[in-house]
Amino acid sequence: MLMMLRKVSWNKGQTDNGISYDYTRITCDLPIYEDSPREFGVDSMELEYGNADKHAELLSLKGRLPCEVDVGYKDVKKGKNIIKVVTGFKVVEKPVSPKN
């Protein structure tokens, strides 16, 4: 699915109550369905890219967002929640040039 990549975030650690976390997440904009009767524009979607170490694959995009990407993903259950996990990722549009 074609989307605009807006943000990459990652973190690894443990909460005060002992719950471990380790993630890389991407936030993308996608268009709202054109025939929607009560909304229009774009909305954001957060997707799980992998563990915190996977952010290294995206570092070349730092300072060059937004850019168009083709993202494949699937819904999976994590605890009581449904999350979207990236299954494929490709930069489609050349990222913007870094600011001088």
Side-chain angles (χ1 to χ4, degrees):
M1 173 181 259
L2 292 177
M3 302 181 199
M4 290 299 288
L5 177 62
R6 297 282 179 184
K7 178 181 171 184
V8 177
S9 61
W10 63 95
N11 208 346
K12 184 175 183 174
Q14 190 171 14
T15 63
D16 291 339
N17 59 356
I19 298 172
S20 295
Y21 53 89
D22 184 3
Y23 65 84
T24 296
R25 291 187 183 124
I26 60 173
T27 303
C28 297
D29 288 348
L30 64 159
I32 292 175
Y33 178 57
E34 288 180 9
D35 292 334
S36 180
R38 292 188 171 87
E39 62 182 345
F40 60 90
V42 296
D43 205 347
S44 295
M45 178 187 327
E46 192 170 74
L47 301 109
E48 299 291 325
Y49 190 79
N51 64 28
D53 295 336
K54 294 264 299 180
H55 83 277
E57 297 175 7
L58 304 173
L59 282 177
S60 64
L61 299 173
K62 186 173 184 177
R64 301 171 65 191
L65 297 182
C67 68
E68 188 172 27
V69 292
D70 188 4
V71 180
Y73 65 91
K74 63 182 178 180
D75 290 337
V76 297
K77 188 168 182 207
K78 183 177 180 183
K80 294 181 181 182
N81 300 316
I82 302 293
I83 61 171
K84 297 180 180 328
V85 176
V86 173
T87 59
F89 182 89
K90 180 180 176 185
V91 175
V92 174
E93 176 186 297
K94 185 177 178 181
V96 297
S97 298
K99 294 177 181 162
N100 294 332

Determine, using the 4.5 Å side-chain heavy-atom cutoff (strictly less than), whether Leu47 and Tyr23 are members of one ILVMFWY cluster. no
Ile82 reachable from Ile26 in the ILVMFWY side-chain graph, under 4.5 Å edges: no
Where the side chain of Ser44 meets the backbone of Asp29, is there a donor-acceptor pair that is under 3.5 Å apart? no
Considering non-hydrogen atoms only, spot the tightest contact between Lys78 and Ile83 and give its length. CD-CD1, 3.7 Å
Is there a donor-acceptor contact under 3.5 Å from the side chain of Asp70 to the main chain of Met1? yes
In this structure, would Leu30 and Val71 fall into the same cluster of hydrophobic residues linked by side-chain contacts under 4.5 Å? yes
Which value, rounded to the nearest 0.5 Å, describes the distance between Asn11 atom CG and His55 atom NE2? 11.0 Å
Tell me if the CG atom of Asn17 is crowded by more than 12 foreign heavy atoms within 6.0 Å. yes
What is the distance from atom SG of Cys67 to atom CE of Met3, rounded to the nearest 0.5 Å? 12.5 Å
Quick check: closest heavy atoms across Thr24 and Asn51, and the distance to 0.1 Å? OG1-O, 2.7 Å
Closest non-hydrogen contact found for Leu65 with Lys7 is CD1-N, 4.0 Å
Take Glu68 and Leu2, measure what side chain to side chain contact (heavy atoms under 4.5 Å, CB included) needs, and give me the verdict at the end. CA-CA 7 Å; Glu68 188 172 27; Leu2 292 177; 3.7 Å; yes
Tell me if a side-chain donor or acceptor on Thr87 pairs with a main-chain N or O of Gly72 at a distance below 3.5 Å. yes
Would Tyr49 and Val8 count as a side chain to side chain contact (heavy atoms under 4.5 Å, CB included) if you check the C-alpha gap in whole Å, the side-chain angles of each, and the deciding distance to 0.1 Å? CA-CA 9 Å; Tyr49 190 79; Val8 177; over 6 Å; no
Check: Asp22 side chain, Ala52 main-chain N or O, donor-acceptor pair, under 3.5 Å: yes
Compare every heavy atom of Val69 with every heavy atom of Cys28, then report the nearest pair and how far apart it is. SG-CG2, 4.4 Å
Leu5 and Phe89: side chain to side chain contact (heavy atoms under 4.5 Å, CB included), yes or no, with the steps? CA-CA 11 Å; Leu5 177 62; Phe89 182 89; 3.9 Å; yes
For Phe40, does the CZ atom have more than 12 heavy-atom neighbours from other residues, nucleotides or ligands under 6.0 Å away? no
Same cluster for Leu59 and Leu61 if Ile/Leu/Val/Met/Phe/Trp/Tyr side chains link at under 4.5 Å? yes
